[in-house]
Amino acid sequence: MLNRFSRRTFARLFGSAALAPTVLPALSAEAATTPSTTGTAPIAHAFPKGFLWGSATASYQVEGAVNVDGRGPSIWDTFSHLPGKTNNGDTGDVANDHYHLYKQDIALMKSLGLQTYRFSVAWPRIFPTGTGTPNPKGIDFYSRLVDELLAANIQPYCTLFHWDLPQALEDKGGWQSRETSEAFANYAGYISQHLSDRVKHFMTLNEMKSFVDIGYRDGRHAPGLKLSPDKVNQVRHHAVLAHGLGVQAIRAHAKGNVKVGLAENAEACAPVIETSEHIAAARTAMREENAGYLTPIMEGKYTEHYLAHHGPNAPKFTDADMKAIGSPIDFVGLNNYTTTWVRADSGPRGYAVVPAPSSYPHMMSPWLRVGPQGLYWGPKLIAETWGVKEIYITENGASSTDTLTPDGHVYDSDRVMYLRNYLTQLHRGVSEGVPVKGYFCWSFMDNYEWADGYAYRFGLHYVDFQTQKRTPKLSAHFYKEVISRNGLA
Ligand code: IFM
């Protein structure tokens with residue numbers, strides 16, 4: 001039963017007609033079923049025909065089965081087992097046991113109406129020590145996963161690196177060594193060779209900015225290093241180099257046409273007030289605030305300001321490196337959760353980032369400050385700045401406490417509000433012609449939120465980590481409605 005508050009919330013989301021008794025059974029704890037659209041609010045925000053609606057997860061966050069079928073250890077296995085490194089000492093040892101439950105999960109995706117699913121391959125399942133002889137059972141798992149997705153009519157979007165670096169490579173310097181970039185290209189080529197007959201969209205690396213800055217500079221993520229600025233910049237360089245070499249290897253080994261891109265949490269710079277001077281500042285900021293990652297990938301060079309700013313600590317690179325880094329890509333994947341507010345400034349850069357006031361609203365994760373306008377300005381400025389013709393929102397979502405009611409429901413009205421506001425901004429861009437072709441909600445189900453462990457829930461489905469039962473939250477019902485109507489009220 002919906003309580004009074006929830007009933008009001010539900011009415012705001014779906015219109016008062018949505019409170020008709022026919023809709024309430026839609027809040028089934030078994031699977032999100034589509035409420036009747038009879039009498040629901042008209043679709044004010046219709047997306048173009050063919051817009052792809054999806055959801056995403058990542059290998060270490062959901063698979064578990066870390067010692068199964070020849071998988072080697074990753075830096076996250078090591079790091080999460082070190083005392084005091086993760087909330088509650090949580091590890092990904094079991095996670096969602098998706099390695100064994102993938103068929104059930106795909107059935108749930110189908111019932112949600114997902115048209116596409118973004119997963120990542122665990123490098124240490126394929127090459128247990130990062131290079132050398134591949135493990136046939138590793139590729140076999142992803143091959144079965146892809147077949148199951150296709151049988152469910154869900155398009156697979158495959159990410160090659162979502163932070164679970166083989167520990168053996170870290171022992172040889174990890175991303176501090178350019179050998180890791182070369183090993184990545186070898187691995188990427190292998191995956192392309194084995195999956196590209198069925199997978200047509202590949203993303204090289206997920207969120208370079210996160211795994212480099214948090215893992216190698218701040219030490220809060222694996223491998224837990226706090227390197228000096230010169231070394232961090234070199235790690236950054238090896239990450240973008242891995243991307244570029246990976247793009248080349250994927251194309252070289254592809255069977256048929258594939259599209260290659262990345263999934264980067266580029267700063268989504270937005271004018272703090274939409275006047276021409278602040279908009280111009282946001283345009284400049286878009287290049288400079290992404291100068292370590294997306295900008296060199298799109299331009300094949302570092303910006304003058306980036307090199308001058310870092311001076312003797314700037315990365316060491318060759319012309320050949322930059323050529324590889326700038327390898328043409330087919331699409332940009334933008335992971336977006338927050339907005340970087342920018343104002344015009346009379347200083348040499350011409351812009352300033354507006355610091356977030358302490359009262360700024362955020363979701364459960366303190367870093368996740370609510371700023372839906374990033375989904376408008378982020379893709380718009382990526383398209384305008386670099387002439388990108390195909391963009392995906394490869395992640396967007398919200399963390400919350402999410403409690404299960406005694407009768408088995410999760411009324412995550414906060415996440416519904418969040419998604420509604422962000423999708424409205426996304427629609428604003430798409431309707432103006434910004435070439436966003438699809439959207440992946442993070443995440444399909446609650447999972448291992450890295451150093452924050454299992455307490456920070458991002459899923460459309462609630463997961464009981466004791467029983468592995470998945471329960472669609474209110475947000476799953478909302479998202480199912482968005483997908484089936486290809487838009488929202
Ligand atoms: O869970 C992460 C994901 O692995 C990368 N992007 C942000 C998500 C939420 O923190």
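Just so you know, ligand 1 is whichever comes first in the structure, and atom 1 is the first atom listed for that ligand. Only heavy atoms go into these numbers, but all of them, side chains included; no hydrogens, no water, no symmetry mates.
Applying the ring-ring contact (aromatic ring centres under 6.0 Å, His included) test to pairs two or more places apart or on separate chains, those with a residue in residues 355-379 are Tyr337-Trp367. Residue pairs satisfying the salt bridge (Lys or Arg N to Asp or Glu O under 4.0 Å) criterion with at least one member in residues 87-105, sequence neighbours excluded, are listed as follows: Asp105-Arg470. Applying the salt bridge (Lys or Arg N to Asp or Glu O under 4.0 Å) test to pairs two or more places apart or on separate chains, none has a residue in residues 156-167.
The shortest side-chain heavy-atom distance between Arg217 and Leu227 does not fall under the 4.5 Å cut-off.
A distance limit of 4.0 angstrom between heavy atoms and ligand 1 selects the residues Gln61, His162, Trp163, Asn206, Glu207, Tyr337, Trp367, Glu395, Trp442, Glu449, Trp450, Phe458.
Taking the ring centroids of His162 and Trp442, they lie under the 6.0 Å cut-off. Checked against the 6.0 Å centroid criterion, the rings of Tyr117 and Phe440 do not qualify as a close aromatic pair.
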